[in-house]
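See below for the structure under consideration.
Bear in mind that the values here come from a model prediction, so they are computed numbers and not experimental data. Each residue takes its place number in the sequence, starting with 1. Remember, it's 1-based here, ligands and their atoms both numbered in the order they're listed.
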Amino acid sequence: MQKSTPANLEAILIEGIEISPNCLGVINSDKEVIYCNQHFASIFGTTVQNATGKKSADLLRNAWETKQGVIINTDNFEQWLANLHKLHSDKALNQYETDLTDGRWFKMTRINLDSGNTIIMGVDITELKNAQKALEDAHQHIENLVNTDQLTGVHNRRSYNQIAKQECARAIRFNQPLSLLVIDIDYFKAINDNYGHIGGDKILKEFAQTCDKLLRLSDSLSRIGGEEFTAILPMTSQDEAKLIAERIRAQIAQHPFYVSQTCKGINITISIGCSTLVEGDTSMNELFFRADKALYSAKNSGRNKVQ
Ligand SMILES: Nc1nc2c(ncn2[C@@H]2O[C@H](COP(=O)(O)OP(=O)(O)OP(=O)(O)O)[C@@H](O)[C@H]2O)c(=O)[nH]1
């Protein structure tokens with residue numbers, strides 16, 4: 001036998017809604033809040049008493065002005081509101097996520113009823129969002145670790161391979177210039193012999209950081225071997241690459257490197273092989289091959305040179 005609806009169902013529902021951690025509100029066809037619980041009112045940064053009977057647009061405007069409740073990132077509130085109305089009136093059911101100035105997140109469901117009333121419900125998804133953010137941060141951290149050379153802090157060989165692939169594909173596709181420098185510290189074995197492996201490491205680190213600062217943000221410096229580095233220079237012609245390489249060579253030659261606080265500045269030099277994308281190249285391997293050959297030639301012609 002079918003049970004009849006209890007006469008006090010409305011009271012039961014309202015009692016449940018009031019103590020629920022979720023939010024619920026009803027808006028009539030005049031866009032006024034006719035019922036809401038405290039969590040719903042808090043979306044506007046206000047109380048149930050204050051929200052009830054008010055137009056939802058005025059409540060949102062107040063939230064935006066006082067920076068309480070829902071975060072509204074706009075300089076032009078009226079334009080933002082017009083866009084929101086359009087978005088919400090297009091469909092009978094809308095779902096979206098919203099965050100509040102107190103750090104909470106709600107997954108909102110908005111149902112436009114045929115009667116002209118709208119029911120808005122929100123589930124608190126703050127914990128889920130925080131877990132998602134922690135996971136994204138951890139992922140970013142791991143990504144940085146696997147792509148960074150631990151000693152110098154610049155890109156490692158793995159990262160070089162990825163960037164090389166991307167930049168080369170982009171340059172070929174859009175017919176843009178692309179250059180590569182292969183940089184090697186001269187007589188690094190002697191540096192290790194004179195200052196020890198730890199001293200050598202300090203020089204490698206300072207060299208990489210100094211060199212990185214001499215490049216543009218769009219360039220990427222990688223350590224691909226012991227004392228061998230590459231610099232990928234997007235949107236850079238052969239002549240520009242030569243100028244950049246020469247500037248790095250000259251700056252490094254006059255930069256004093258310190259392996260301890262008491263020692264005097266050590267001078268090092270570098271040799272650089274330069275190459276630029278030419279018609280027929282299909283990958284960075286071809287540029288690397290030519291730049292590495294040029295580096296070999298720079299070493300053979302006395303070092304401290306750009307070829
Ligand atoms: N301190 C330190 N030394 C390294 C590292 N990786 C490689 N090396 C050293 O770098 C030196 C490279 O020596 P070589 O390849 O003979 O070249 P070089 O002495 O720089 O001579 P040229 O390149 O011909 O000018 C070796 O002594 C390696 O042990 C590192 O991570 N730290």
Please tell me if the side chains of Ile266 and Tyr258 come closer than 4.5 Å, counting only heavy atoms from C-beta onward.
-> no
Atom 20 (O) of ligand 1: which protein heavy atom is closest, and how many Å away?
-> Phe188 N, 2.6 Å
Answer yes if the ring centres of His155 and Phe229 are under 6.0 angstrom apart, and no otherwise.
-> no
Pull out every atom of ligand 1 sitting under 4.0 Å from any heavy atom of Gly226, numbered as shown with elements.
-> 6 (N), 7 (C)
Among Glu227, Lys202, Arg223, closest by any non-hydrogen atom to atom 12 (C) of ligand 1 | Glu227
Enumerate the atoms of ligand 1 whose separation from the nearest heavy atom of Asp184 is less than 4.0 angstrom.
-> 23 (O)
Could you tell me the residue and atom name of the protein heavy atom closest to atom 23 (O) of ligand 1, and the distance to it rounded to 0.1 Å?
-> Lys299 NZ, 2.8 Å
No-hydrogen, no-angle side-chain donor-acceptor test under 3.5 Å, Lys54 and Asn50 | yes
Among side-chain atoms of Arg158 and Asn147, is any donor-acceptor pair under 3.5 angstrom?
-> yes
What part of Leu204, side chain from CB on, backbone N/CA/C/O, both or neither, has a heavy atom under 4.0 Å from ligand 1?
-> side chain
Salt bridge present between Lys299 and Asp184 (N-O < 4.0 angstrom) | yes
Contacting atoms of ligand 1, where contact means under 4.0 angstrom from a heavy atom of Asp201 | 1 (N), 2 (C), 30 (C), 31 (O), 32 (N)
Does Asp30 come within less than 4.0 Å of Lys55, counting only side-chain N to carboxylate O?
-> no
Does ligand 1 have an atom that lies less than 4.0 angstrom from a heavy atom of Glu228?
-> no
Any ion pair linking Glu136 and Lys133 (charged N to carboxylate O, less than 4.0 Å)?
-> no
Atom indices of ligand 1 within 4.0 angstrom of Gly200 heavy atoms, with elements = 1 (N)
What residue and heavy atom of the protein are closest to atom 8 (N) of ligand 1, and at what distance?
-> Asn192 ND2, 3.9 Å
Residue, atom and distance of the protein heavy atom nearest atom 13 (O) of ligand 1 read Lys189 CB, 3.8 Å
State whether a side-chain donor-acceptor pair under 3.5 Å links Ser237 with Asp239.
-> no
Give a yes-or-no answer on whether the side chains of Gln38 and Ser42 include a donor-acceptor pair shorter than 3.5 Å.
-> no
If you count the atoms of ligand 1 from 1 in the order shown, which ones are under 4.0 Å from a heavy atom of Arg303?
-> 22 (P), 24 (O), 25 (O)
Just jot down the ligand 1 atoms closer than 4.0 angstrom to any heavy atom of Ile185, in number order.
-> 20 (O), 23 (O)
